[in-house]
Asker: 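My questions will all concern the structure given below.
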Amino acid sequence: MTVIIIAIVAGICALLFAVYLAREVMAHDTGTDTMRSIAAAIQEGASAFLYREYLYISVFVTIVTITLAILVDADAFDKFGSQSGELTALPRTAIAYLIGAIASASAGYIGMMIAVRANVRTAASAREGLNPALRVAFSSGAVMGVTATGLSLICLTVLYLIFEDVRPLTGFAFGASSIALFARVGGGIFTKAADVGADLVGKLEAGIPEDDPRNPATIADNVGDNVGDVAGMGADLFESYTGAIVATISLAFVGVAGANENGVLDPADIAAFDSNGFMLPLIVMAIGIFASIIGTFAVRTGEEPSVGRLLWALRGGIAVAAAIVLVGTAGAILALDMDFKLFFVVLTGLLAGQIIGTATEYYTAYEYKPTRELAEQAETGAATVLIAGLGLGMLSTAIPLLTIVAAIFVTYELAGLYGIALAAVGMLSPLGITLATDAYGPVADNAGGIAEQAHLPAEVRERTDALDSLGNTTAASGKGFAIGSAVLTALALMVSYTQIVGIDTLNLLDVNVLIGVLLGALMPFIFGAQTMLAVGRAAREMVNEVRRQFKEKPGILDGTEPPDHARAVTIATESALREMILPGTLAIAAPIAVGAIIGAEALGGLLVGSIAAGSLLALMMANAGGAWDNAKKYVEAGALGGKGSEAHKATIVGDTVGDPFKDTSGPSMNILLKLMAIVAVVFGPLFV
């Protein structure tokens with residue numbers, strides 16, 4: 001009970017710190033009337049989209065909640081009889097699912113609402129210097145980081161106290177994953193449709209600068225940064241954090257309870273689960289919250305607008321948080337009188353996360369050789385940029401995947417299957433600050449757009465561009481980090497699934513398992529194709545709209561007529577909401593269909609195939625997209641002829657292709673892996 005109290009207190013402290021940071025951000029100057037007007041348009045568009053998106057998602061959530069209450073909760077009651085806890089007559093999985101969906105949506109909403117208010121304040125602070133702008137942007141990202149971690153930890157512990165059972169918590173993780181997928185896909189389609197439309201017509205055809213107020217898609221592009229890269233990412237990493245905790249505590253439960261001869265958990269063994277194994281991930285995450293809060297104060301930089309200096313400033317904060325996590329974890333393991341090998345499991349998870357992040361930085365930051373060589377390909381045209389970018393993306397998967405393999409081997413040797421799940425907890429424990437380093441990027445990008453549209457001095461845009469460029473690198477690093485933790489979490493959930501349904505081994509010579517593996521390997525490609533094609537269709541509508549406005553209103557380009565920004569926002573909104581339904585539904589329906597039609601063994605095979613293929617595809621897409629983006633920024637910084645050169649035009653094409661890679665399909669893939677695994681865990685008893 002002491003650990004539960006500590007976890008709840010840590011969660012409350014996280015939310016209180018989020019309020020403190022939000023007040024600090026809101027206290028900053030909002031700049032000129034023009035800057036406030038632009039920021040208001042972005043805020044209005046983002047709020048309108050999120051309202052309509054959540055309205056659509058609420059219908060889906062209602063249907064799933066009812067389905068869980070009728071099928072899963074009723075089936076569990078029939079099989080388990082009298083369950084632990086007094087609220088056995090309630091549809092506990094359905095209730096937990098609904099709470100998980102609301103909490104995930106709330107994390108994204110809170111993050112976005114502070115981001116759309118921080119962008120103009122970051123631009124205004126950039127007039128004073130680089131460090132003030134960094135503090136505002138980073139603090140706004142930290143609001144979402146500590147909110148997501150605190151909210152998840154509070155909800156999980158309170159639900160456990162209410163239901164006195166671990167199993168309904170899988171419903172909470174299912175709810176978080178459902179919202180995360182729709183938020184990532186819907187927001188990703190919105191932001192990339194607007195971005196592609198703005199780049200192809202504005203920069204390439206009309207020859208006007210990025211974020212030029214004459215471009216009808218500019219406001220939509222700025223809105224997209226918030227609904228995709230902030231709200232979507234907030235829900236995404238809330239789901240990652242929740243999934244890691246649930247996977248670990250589920251293994252602490254099923255690892256002891258096991259399944260009986262009928263393929264279901266024996267109620268007599270429910271109380272025998274490893275209580276320390278249940279408590280440890282909660283206390284590690286609680287320590288991680290306090291560590292993240294302390295680490296945020298260590299993020300400082302000088303006034304030189306250098307990506308390298310900024311990168312080390314962020315690394316310093318993360319290093320402080322990681323060190324505190326390790327010290328606190330060692331103390332917790334000793335206090336719980338657990339095997340000290342578990343300390344090295346957490347250490348392995350943290351090290352693996354750092355290696356994956358560093359490898360991602362190497363392949364995507366233009367301070368390093370791979371992205372500079374990619375930019376040099378632009379001297380021979382867009383085709384060679386695309387070829388080299390795809391090759392770079394494929395090559396960049398090696399270090400992260402080998403790191404994940406090594407982490408799996410080491411943690412399994414140290415603590416078995418439980419160790420694999422605990423490594424994901426260790427990797428994500430300082431999420432409050434690592435998410436802040438990711439979330440501040442879109443704020444800086446918006447700040448640069450506001451600076452451009454408000455015609456602020458050149459040094460302001462130089463400072464925001466330095467923050468934005470680093471944001472691309474930290475975003476790519478964050479996606480690699482999320483993918484790495486997704487593999488460990490999905491593996492742990494897969495093990496939970498096999499033990500819940502009573503499968504000892506997945507025999508690849510069994511035809512049903514083999515079919516499942518192949519179908520699972522196919523799923524990431526079908527899902528990726530759907531999201532890429534959705535961005536393409538939405539972008540085509542945006543391109544046609546921008547072209548129409550330039551043609552019908554020739555005064556837009558000479559500044560005598562205002563562009564219709566609202567129309568562009570409406571097109572992006574309607575396209576995103578329409579296109580997100582099929583990929584989201586497929587991710588949930590596929591594992592249920594395979595389990596119901598082919599069987600429980602085939603569903604296990606599907607999880608194996610999806611994890612193997614999906615992790616590689618996600619890494620390739622995220623890293624190739626990040627490298628293409630930073631290759632463009634390298635040229636814009638003055639290399640290879642600078643802005644307006646033929647090399648610049650070629651890198652713009654690469655960046656346009658990379659946009660849906662890194663901001664829609666790639667980051668959605670890690671949610672796909674965990675969502676299918678958690679669906680298997682929740683619905684598994686139906687397939688026995």
Side-chain angles (χ1 to χ4, degrees), residues 123 126 192 194-222 225 305-307 364-367 371-389 444-472 539 542-543 546-547 549-551 554-560 563 568 625-659:
K192 293 306 109 182
D195 200 356
V196 170
D199 283 355
L200 288 182
V201 185
K203 291 163 68 173
L204 283 181
E205 296 181 9
I208 58 179
E210 186 173 6
D211 297 315
D212 193 297
R214 293 171 293 176
N215 192 328
T218 294
I219 295 296
D221 187 11
N222 295 147
D225 290 335
S306 162
V307 174
T364 59
Y366 68 61
E367 289 199 331
T371 298
R372 292 196 177 198
E373 288 184 344
L374 174 61
E376 290 168 3
Q377 295 287 342
E379 294 180 312
T380 53
T384 48
V385 172
L386 296 177
I387 293 169
D445 190 5
N446 264 206
I450 291 171
E452 180 75 33
Q453 294 172 67
H455 306 293
L456 297 184
E459 63 267 19
V460 175
R461 185 62 197 253
E462 183 182 1
R463 290 164 184 157
T464 59
D465 279 352
L467 293 174
D468 183 25
S469 181
L470 177 62
N472 288 329
M542 185 65 69
V543 166
V546 176
R547 284 175 176 167
Q549 290 198 33
F550 281 156
K551 181 179 179 180
I556 290 177
L557 289 176
D558 60 25
T560 58
W628 274 321
D629 193 351
N630 276 336
K632 179 197 71 173
K633 284 184 165 50
Y634 178 59
V635 174
E636 289 177 343
L640 306 172
K643 291 184 179 180
S645 65
E646 290 302 313
H648 185 220
K649 293 178 182 178
T651 57
I652 290 173
V653 174
D655 178 39
T656 303
V657 175
D659 275 337

Asker: Roughly how far apart are His648 NE2 and Glu636 CD, rounded to 0.5 Å?
Answerer: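 Rounded to the nearest 0.5 Å, the NE2-CD separation comes to 3.5 Å.
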Asker: If I take atom CD from residue Gln453 and atom CZ from residue Arg214, how far apart are they, to the nearest 0.5 angstrom?
Answerer: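 Spacing of CD (Gln453) from CZ (Arg214) equals 11.5 Å.
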Asker: Does some side-chain heavy atom of Leu640 sit less than 4.5 Å from a side-chain heavy atom of Ser645?
Answerer: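 With C-beta onward as the side chain, the pair stays apart.
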Asker: So which atom in Gly448 and which in Arg461 form the shortest heavy-atom distance, rounded to 0.1 Å?
Answerer: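 That closest heavy-atom pairing would be O-NH1, 3.0 Å.
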Asker: Looking at Ile652, Thr364, Val657, Thr656, which hits side-chain contact (heavy atoms from CB on, under 4.5 Å) with Trp628?
Answerer: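 Result for side-chain contact (heavy atoms from CB on, under 4.5 Å) with Trp628: Val657.
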Asker: Where is the tightest heavy-atom contact between Ala123 and Val460, given as atom of each residue plus distance?
Answerer: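 So the two residues come closest at O-CG1, 3.9 Å.
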Asker: With sequence neighbours left out, write down each residue that passes side chain to side chain contact (heavy atoms under 4.5 Å, CB included) with Leu557, or none if nothing qualifies.
Answerer: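 Listed in chain order: Ala206, Ile208, Phe550.
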Asker: Go through the structure and list residues passing salt bridge (charged side-chain N to carboxylate O under 4.0 Å, His left out) with Glu373, not counting sequence neighbours.
Answerer: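 Here the qualifying residues are Lys369.
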Asker: Using modelled atom types and a 3.5 Å cut-off, is there a donor and acceptor pairing between side-chain atoms of Asn446 and backbone atoms of Asn222?
Answerer: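 Side chain of Asn446 to backbone of Asn222: a pair is present.
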Asker: Can you sort out the partners of Asp659 under salt bridge (charged side-chain N to carboxylate O under 4.0 Å, His left out), two or more places apart, ordered by chain and number?
Answerer: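 With neighbours one apart ignored, the set is Lys192, Lys662.
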Asker: Looking at every non-hydrogen atom in both residues, tell me the closest pair between Ala568 and Pro216 and how far apart they are.
Answerer: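 Minimum heavy-atom contact is CB-O, 3.4 Å.
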Asker: Rounded to the nearest 0.5 Å, how far apart are CG of Asp445 and CG of Asp225?
Answerer: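 If we round to the nearest 0.5 Å, Asp445:CG and Asp225:CG are 4.5 Å apart.
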Asker: Donor-acceptor pairs under 3.5 angstrom involving side-chain atoms of residues 374-381: please list them, not counting sequence neighbours.
Answerer:
residue	atom	partner	partner atom	Å
Thr380	OG1	Gln377	O	3.0
Thr380	OG1	Thr384	OG1	2.8

Asker: Quick check for you: to the nearest 0.5 Å, what is the distance between Tyr366 atom OH and Asn630 atom CG?
Answerer: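 Atom-to-atom, Tyr366:OH and Asn630:CG are 7.5 Å apart.
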Asker: Quick one: which residue pairs count as a ring-ring contact (aromatic ring centres under 6.0 Å, His included) with a foot in residues 448-471, not counting sequence neighbours?
Answerer: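 Every pair satisfying ring-ring contact (aromatic ring centres under 6.0 Å, His included) with a residue in residues 448-471: there are none.
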Asker: Run the salt bridge (charged side-chain N to carboxylate O under 4.0 Å, His left out) test against Arg372 and tell me which residues pass, sequence neighbours left out.
Answerer: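 Partners of Arg372 under the salt bridge (charged side-chain N to carboxylate O under 4.0 Å, His left out) test: none.
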Asker: Work out which heavy atom in Val546 is nearest to a heavy atom in Ala217; give both atom names and the distance.
Answerer: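 Distance-wise, the nearest heavy atoms are CG2-CB, 3.9 Å.
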Asker: Ala627 and Thr371: which non-hydrogen atoms are nearest, and at how many Å?
Answerer: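 Closest heavy-atom pair between Ala627 and Thr371: O-CG2, 3.7 Å.
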Asker: Can you name the closest pair of heavy atoms from Asp221 and Ala198 and give their distance?
Answerer: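 For Asp221 and Ala198, the tightest heavy-atom pair comes out as OD2-CB, 4.4 Å.
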Asker: Is a side-chain N or O of Thr464 found less than 3.5 angstrom from the main chain of Ala447, in a donor-acceptor match?
Answerer: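 No.
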Asker: Can you find a heavy atom in the side chain of Val385 that is under 4.5 Å from one in the side chain of Val653?
Answerer: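 When only atoms from C-beta onward are counted, Val653 and Val385 do not touch, as no gap falls below 4.5 Å.
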Asker: Give the C-alpha distance, both sets of side-chain angles, the deciding distance and a yes or no for salt bridge (charged side-chain N to carboxylate O under 4.0 Å, His left out) between Lys649 and Glu646.
Answerer: CA-CA 5 Å; Lys649 293 178 182 178; Glu646 290 302 313; 3.7 Å; yes
